[in-house]
Amino acid sequence: IRAANAVPIQYEDRLIASSVSIGASLYPRDGEEACNLRRFSDDAMYEAKRGGGDCVRFYRARNLNS
């Protein structure tokens, strides 16, 4: 997905480049409910964006006691 998206698109006289940030959660490690897995994937995607984007991040549960 990232490689296919990395190819610039010609629009009129300009080349337009884009990137993609992907977040993923794993069943059943991160949960069994689809709504939780979607939320966790979304959290991981925003973590990828905060880290500069154009990458894949997997969800990691945070230790709330530290």
Side-chain angles (χ1 to χ4, degrees):
I1 293 171
R2 288 181 53 236
N5 195 66
V7 177
I9 299 166
Q10 181 76 39
Y11 178 74
E12 296 180 355
D13 61 341
R14 300 182 304 196
L15 279 178
I16 299 172
S18 64
S19 65
V20 63
S21 299
I22 299 171
S25 60
L26 301 176
Y27 171 89
R29 184 192 79 179
D30 298 326
E32 295 186 3
E33 306 260 342
C35 61
N36 289 334
L37 292 169
R38 279 192 304 269
R39 182 171 48 102
F40 296 155
S41 294
D42 201 46
D43 291 347
M45 185 259 315
Y46 281 108
E47 185 67 31
K49 289 180 177 292
R50 281 190 294 274
D54 196 27
C55 63
V56 177
R57 292 286 184 265
F58 286 87
Y59 174 78
R60 288 184 299 164
R62 312 261 187 304
N63 183 347
L64 301 176
N65 297 323
S66 54

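Just so you know, residue 1 is the first one in the sequence shown, and it goes up from there.
- Here the closest non-hydrogen pair linking Ala48 and Ser21 is CB-CB, 4.0 Å.
- In terms of the salt bridge (Lys or Arg N to Asp or Glu O under 4.0 Å) criterion, Arg14 has no residue partners (sequence neighbours excluded).
- Ser41 and Ser25 get closest at one heavy-atom pair: OG-OG, 2.9 Å.
- Under the rule for a side-chain hydrogen bond (donor to acceptor under 3.5 Å, both in side chains), Asp42 has no partner lying at least two apart in sequence or in another chain.
- Here the closest heavy-atom approach between residue Asp43 and residue Arg50 is recorded as O-NH2, 4.4 Å.
- Gln10 places a side-chain N or O within 3.5 Å of a backbone atom of Glu12 that can act as its donor or acceptor partner.
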Between side-chain atoms of residues 26-40 and protein atoms elsewhere (two or more places apart, or another chain), which donor-acceptor pairs fall under 3.5 Å?
unit_1, atom_1, unit_2, atom_2, d
Arg29, NH2, Tyr59, O, 3.0
Asp30, OD2, Leu26, N, 2.7
Asn36, OD1, Arg39, NH2, 3.2

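- Cluster annotation: Met45 is not connected to Ile1 through the hydrophobic network of ILVMFWY side chains, with a link wherever side-chain heavy atoms come within less than 4.5 Å.
- Of all heavy-atom pairs spanning Arg2 and Asp54, the tightest one is NH2-O, 2.9 Å.
- Side-chain contact check for Arg57 versus Ile22: every heavy-atom pair is 4.5 Å or farther apart.
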